[in-house]
Amino acid sequence: MRNQLTTLVLLAAIGSGSMYAAEETRTVSYFSDVYINDHDASAQLLGPGKFMASAIFAKIGVHLNWHAGELPVANSAAGDESAQRAFGIRTVEHAPESATPGALASARIVGAAGTEITVYKDRVLGFLDNHRNLAGAAAGYVLAHELAHVMQGVGRHSESGILKARWSNNDFEEMIFHKLVFTNFDVELIHKGLALQLANSASAAVSDSTER
């Protein structure tokens, strides 16, 4: 089973202020399916950032499998690969009035299928327009930020790194050179979140199979 959790090794001290070193030894890998809706503005807005987002997550042992289309209604219990939860990305024209100021997206659980991220087109366009010098890196970091939230499964931000609530000019400079990364604590939470989601999905699949 490709998604089998093995031993998680983090050599650096865990802390919200410490940054994750790509060269650290890892013996764990996760594979996550990400669906970008091709019937709205999602692919056009964030599609250019897929390569960057994949590279960011690959450094922490998370491999993204990209798909065009909507998040499937449900995963089949037929095989090992279906046990993992998937992530979908859709776009709405405007952020709702209830949206947190500065938030680029929100997320909701979609039954057994996974988690769907709703991107606010007006806010993402504003962000991308204000940082044209970042080119595709901007979209990549937006994807990485939002996917990290749903992978962790908790509503939180970090004091530094990709999951900061608001990026600074120094952060944008690091993005240009692809040096902005997750903190060690964020990596731990991403791995734990994916492991928990995988375990819950596998348990649900076994239950469904037994009921049949």
Side-chain angles (χ1 to χ4, degrees), residues 1-12 14-16 18-22 24-36 46 49-67 71-90 105-119 140-158 161-164 180-208:
M1 180 176 178
R2 192 168 56 170
N3 293 314
Q4 181 64 42
L5 176 63
T6 57
T7 305
L8 172 61
V9 180
L10 291 175
L11 298 182
I14 299 299
S16 59
S18 56
M19 305 305 290
Y20 185 78
E24 289 175 358
T25 302
R26 296 183 308 278
T27 56
V28 61
S29 291
Y30 296 92
F31 295 82
S32 295
D33 288 315
V34 182
Y35 292 80
I36 292 189
L46 300 175
K50 291 191 296 183
F51 179 82
M52 173 63 67
S54 292
I56 291 170
F57 280 103
K59 291 180 179 179
I60 64 169
V62 178
H63 304 280
L64 305 181
N65 301 317
W66 298 96
H67 306 273
L71 181 69
V73 174
N75 289 333
S76 166
D80 290 340
E81 295 307 312
S82 64
Q84 69 190 56
R85 294 175 64 85
F87 304 102
I89 298 173
R90 61 184 287 267
S106 61
R108 69 186 182 96
I109 303 298
V110 185
T115 305
E116 185 175 68
I117 299 169
T118 298
V119 173
Y141 277 102
V142 170
L143 277 172
H145 182 100
E146 300 304 336
L147 284 170
H149 276 311
V150 294
M151 288 178 182
Q152 290 185 352
V154 293
R156 58 172 295 281
H157 285 96
S158 296
I162 293 175
L163 269 180
K164 281 181 65 174
L180 189 67
V181 296
F182 291 114
T183 66
N184 287 335
F185 188 57
D186 282 323
V187 174
E188 182 184 36
L189 290 182
I190 288 171
H191 284 203
K192 286 184 175 180
L194 289 173
L196 179 60
Q197 292 169 27
L198 176 60
N200 290 341
S201 295
S203 177
V206 170
S207 176
D208 180 65

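Looking at heavy atoms from C-beta onward, Val119 lies out of side-chain contact with Val142 at the 4.5 angstrom threshold. Under the 4.5 Å side-chain criterion, counting only non-hydrogen atoms from C-beta, Leu147 is in contact with Leu64.
Rounding to the nearest 0.5 Å places CG of Leu143 at 11.5 Å from CD1 of Ile162. Note that CG of Leu194 is 11.5 Å distant from OG of Ser29, once rounded to the nearest 0.5 Å. The line from CG of Asn65 to CG of Asp33 is 5.0 Å long, rounded to the nearest 0.5 Å. The line from CD of Gln197 to CZ of Phe87 is 4.5 Å long, rounded to the nearest 0.5 Å. The line from CD1 of Ile36 to NZ of Lys50 is 5.5 Å long, rounded to the nearest 0.5 Å.
Not a single side-chain hydrogen bond (donor to acceptor under 3.5 Å, both in side chains) links His63 to another residue, sequence neighbours left out. Taking the ring-ring contact (aromatic ring centres under 6.0 Å, His included) definition, one finds that His157 meets it with His145, His149, sequence neighbours left out. Considering only residues two or more places apart in sequence or on other chains, Gln152 meets the side-chain hydrogen bond (donor to acceptor under 3.5 Å, both in side chains) condition with Arg156, Asp186. Legend: residues meeting side-chain contact (heavy atoms from CB on, under 4.5 Å) with Ser106, ordered by chain and number and at least two apart, are Thr118, Tyr120. In terms of the side-chain contact (heavy atoms from CB on, under 4.5 Å) criterion, residue partners of Ala148 (sequence neighbours excluded) are, by chain and number, Phe57, Leu163, Phe182, Ile190. By the side-chain hydrogen bond (donor to acceptor under 3.5 Å, both in side chains) test, Thr115 pairs with no residue at all, sequence neighbours left out.
Nearest heavy-atom pair, Ala144 versus Ala53, reported as atom, atom and distance to 0.1 Å: N-CB, 4.4 Å. Minimum heavy-atom separation, Leu71 to Gly114: CD2-C, 4.2 Å. Ile117 and Ala105 make their closest contact through CG2-CB, 3.8 Å (heavy atoms, listed as atom of the first residue, atom of the second, distance).
In terms of modelled atom types and a separation under 3.5 Å, the side chain of His191 and the main chain of Ile60 share a donor-acceptor contact.
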